[in-house]
Amino acid sequence: MQNAGIGRAIEIYNFTRGEITDFSIGSYQTQGDFTIFTTTVTRTLGTASFNVVLNAGGEVVGFHSLDDFVSATTPPLYELPTYTSESVIIGEGTEWALNGMLTLPVGASADTPVPGVVLVHGSGAHDMDMTIWGHRLFFDVADFLSENGIAVLRYDKRNFVHHARLTQTFGSSFTVWEEVIEDAVLGAQLLRADPRISEVYMLGWSLGGVLAPRIHASGGNFDGLILFAGSSRTLVDIVYDQFMDDITRALGIFGELPELTAMLEEIESFAGIAASIPMMTDDEAKSTTVPILGGYAYYLKEMMANPFEYFVENITVPMLVMQGRNDFQVLAGVDFALLQELLGERDNVAFMLYDYLDHFFMPSIAANFSEHRDVAMMRLLGTRVYERALRDVVEWMLAQ
């Protein structure tokens, strides 16, 4: 049963890397009810190592790449294989100054400028690497892109560095402008002022993708937008689907336990308050707290008043929309489909959907939001953002 499960996981991880010619199980270790097998897979285009996690019943619950396939026959996308890193400050001289890092391909200069991209975080308080459960998502993006000819700017998110002062200064009036937008615009300005940078793009992950058109219209003035797991829906709709999926699955497994019933009531309370937010006055929204999300309703009211569709309507720059099919935070069948419906007729918008990638753009065989979260938390350190997706970003940017 274990060998069958491991074999199935390896077959699932079939990202056009060639035919499997052999695979072997090198070692294994147990952690509680889980067994982790280290495997080596040989394909016609190279070899790679994986950890496959099985539960006590022999079912695959985690699948983690330890390194990407190595192939001597695959040429680099760009002739410059290395890059340099420079410390920068976003908002230098202001009370909201943020540490940042600019990675530049070796050889970038005023005479030979390279494209640059600003990385914009998802929800939550994140450092410049967007470190989540030990994975450094923005470090992976910057590392690969700058090795392949793209300058990358990443920086600490404002609520990661200045959380207490933001609360004191803005209180219930806090919005995504202070959280995300203003600093992304400053990042674009920093790159645009650098003579070593030619075009300036933005890559927005999750919430960053939701806000990408607004950031562009608010002074970002990018040459192109890249949406990683973005959406045209409101944050309310996305969060509601996530929690309903979670609680519905739990109810199906455990039945109507008091704790689960209380959680369902909280979700319904969240939905009721969210539905009334557009009709609230600003003062009402600033005095109303929101269950589940925490914070005040004004944060959501301000976002609802500035929808994705309003800003994207007048955008003429090229866009790249990317999504993992196994993303259960932003849904391929809903959010990606809505973006295709909204933008699909534009000649300068490209869409890329990746089988078995999750919200982190890492391999996952999760079947729902709960499994997605559990697999992401169990995923071994060292797993990186999937190289094929990052290679697609490089190819798209260099083709513009």
Are the charged groups of [X] and [Y] less than 4.0 angstrom apart, N to O?
{"X": "R388", "Y": "D392", "answer": "yes"}
{"X": "R214", "Y": "E302", "answer": "yes"}
{"X": "D143", "Y": "R136", "answer": "no"}

With clusters defined by side-chain heavy atoms of hydrophobic residues (ILVMFWY) lying less than 4.5 Å apart, directly or transitively, does [Y] cluster with [X]?
{"X": "L207", "Y": "V312", "value": "yes"}
{"X": "M101", "Y": "F139", "value": "no"}
{"X": "Y296", "Y": "I292", "value": "no"}

Looking only at heavy atoms, which two atoms of [X] and [Y] are closest? And how far apart?
{"X": "G220", "Y": "A188", "value": "O-CB, 3.7 Å"}
{"X": "H121", "Y": "M130", "value": "CA-SD, 3.7 Å"}
{"X": "S218", "Y": "V185", "value": "O-CG2, 3.9 Å"}

Apply ring pair (Phe, Tyr, Trp, His ring centres under 6.0 Å) to Y298 and list each qualifying residue two or more places apart in sequence or on a separate chain.
none
Hey, does the side chain of W205 reach the backbone of H359 with a donor-acceptor pair shorter than 3.5 angstrom?
yes
Under a 3.5 Å distance rule, please check whether H126 uses its side chain to pair with a backbone N or O of K157 as donor and acceptor.
no
Do you see a donor-acceptor pair shorter than 3.5 Å between the side chains of S269 and E266?
no
Would you kindly say whether Y201 and Q400 are connected by a side-chain donor-acceptor distance under 3.5 Å?
no
